[in-house]
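Residue numbers run from 1 in the order of the sequence given.
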Amino acid sequence: MVDATGANRAYVHHEQGWGEGPFAVTVHGDRDVWADTEDVHDRWVVRPGSQRFDSSLQELAERGWPTSFLAAQLETTPHTLAAIRGRERRRLALALDRGIHRLAALLLASEPADHGIAEHRSRRTRLAALQRAQPVQTVTTVVQRQPRPVL
């Protein structure tokens with residue numbers, strides 16, 4: 001991990017492979033960047049892969065918080081949040097990661113109507129989120145053709 005100046009960095013070495021077992025942290029520079037990013041690292045280890053970012057956004061959607069409202073609060077685009085929630089985006093800025101988790105903690109303790117979100121928007125968001133959460137079932141149809149008799 002490197003800060004914006006490039007002068008301060010922290011290296012995380014996992015002794016048994018990434019995300020497994022104990023790890024050692026080496027910090028270089030005047031600023032302890034590990035202290036700033038330790039909570040994010042913990043979330044990466046607890047929820048591997050892209051799941052570490054999308055669960056808060058999915059939970060907010062299931063509670064009726066529209067993506068456009070969340071994007072405005074986080075100063076990003078609805079497209080970016082949809083890509084994170086849809087697991088199409090594996091990396092994001094530290095500030096956005098922290099912002100998502102802080103916003104989720106704040107909003108999950110309240111109702112969308114308390115923030116001026118119309119009931120029909122909340123209901124539509126909830127339904128879409130619940131549909132996304134259900135596993136996709138595919139239907140396979142097998143068509144067998146019989147040879148035509150030659151006359």
Side-chain angles (χ1 to χ4, degrees), residues 1-14 16-23 25 27 31-146:
M1 290 169 245
V2 180
D3 72 354
T5 67
N8 302 297
R9 38 181 70 96
Y11 298 97
V12 180
H13 174 72
H14 290 268
Q16 298 175 357
W18 199 93
E20 299 292 326
F23 60 90
V25 178
V27 178
R31 183 172 154 238
D32 184 1
V33 293
W34 177 248
D36 297 339
T37 58
E38 185 174 8
D39 61 326
V40 175
H41 178 267
D42 290 344
R43 283 195 300 273
W44 280 45
V45 172
V46 171
R47 286 190 228 143
S50 59
Q51 292 178 351
R52 63 186 166 257
F53 304 126
D54 69 342
S55 62
S56 295
L57 294 174
Q58 178 64 24
E59 189 175 358
L60 286 167
E62 288 175 6
R63 300 248 186 126
W65 294 97
T67 304
S68 57
F69 175 84
L70 301 174
Q73 299 300 310
L74 294 166
E75 297 179 354
T76 189
T77 65
H79 177 76
T80 297
L81 294 183
I84 294 167
R85 186 186 57 230
R87 299 179 185 175
E88 299 166 12
R89 188 169 172 173
R90 294 181 173 264
R91 295 176 45 175
L92 66 145
L94 177 61
L96 182 55
D97 176 66
R98 285 185 170 170
I100 290 169
H101 289 281
R102 283 188 197 125
L103 187 61
L106 175 72
L107 296 180
L108 290 173
S110 61
E111 293 295 321
D114 299 339
H115 294 265
I117 296 169
E119 177 58 33
H120 72 278
R121 286 186 66 205
S122 248
R123 186 173 45 252
R124 185 174 55 219
T125 301
R126 272 193 299 276
L127 289 173
L130 293 173
Q131 287 174 350
R132 272 193 309 271
Q134 293 177 357
V136 176
Q137 296 179 352
T138 58
V139 177
T140 305
T141 305
V142 177
V143 177
Q144 291 183 339
R145 290 190 171 183
Q146 298 295 328

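With a 6.0 Å radius and a threshold of 12 heavy atoms from other residues, nucleotides or ligands, Glu119 has its CD atom above the threshold.
Separation of atoms CD (Glu88) and NE2 (His79) is listed at 7.0 Å; rounding is to 0.5 Å. Distance check: Leu108 CG to Ser56 OG gives 7.5 Å after rounding to the nearest 0.5 Å. If you take CG on Leu127 and CZ on Arg132, they are separated by 11.0 Å, rounding to the nearest 0.5 Å. Taking CG of Leu74 as the reference point, atom OG1 of Thr80 lies at 10.5 Å (rounded to 0.5 Å). Interatomic distance, NE2 of His120 versus OG1 of Thr125, reported as 9.5 Å (0.5 Å rounding). Atom CD1 of Ile100 and atom CD1 of Ile84 lie 4.5 Å apart (nearest 0.5 Å).
Legend: residues meeting side chain to side chain contact (heavy atoms under 4.5 Å, CB included) with Leu130, ordered by chain and number and at least two apart, are Glu62. For Ser122, there are no side chain to side chain donor-acceptor pair (under 3.5 Å) partners, not counting sequence neighbours.
Among pairs with a residue in residues 107-118, those fulfilling side chain to side chain donor-acceptor pair (under 3.5 Å) read Ser110-His115, at least two apart in sequence or across chains.
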For the pair His101 and Asp97, evaluate side chain to side chain contact (heavy atoms under 4.5 Å, CB included) and give the outcome as yes or no after the intermediate values.
CA-CA 7 Å; His101 289 281; Asp97 176 66; 3.6 Å; yes
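Closest of all the heavy-atom pairs between Pro78 and Ser68 is CG-CA, 4.1 Å. Across all their heavy atoms, Leu81 and Leu57 have their closest contact at O-CD1, 3.7 Å.
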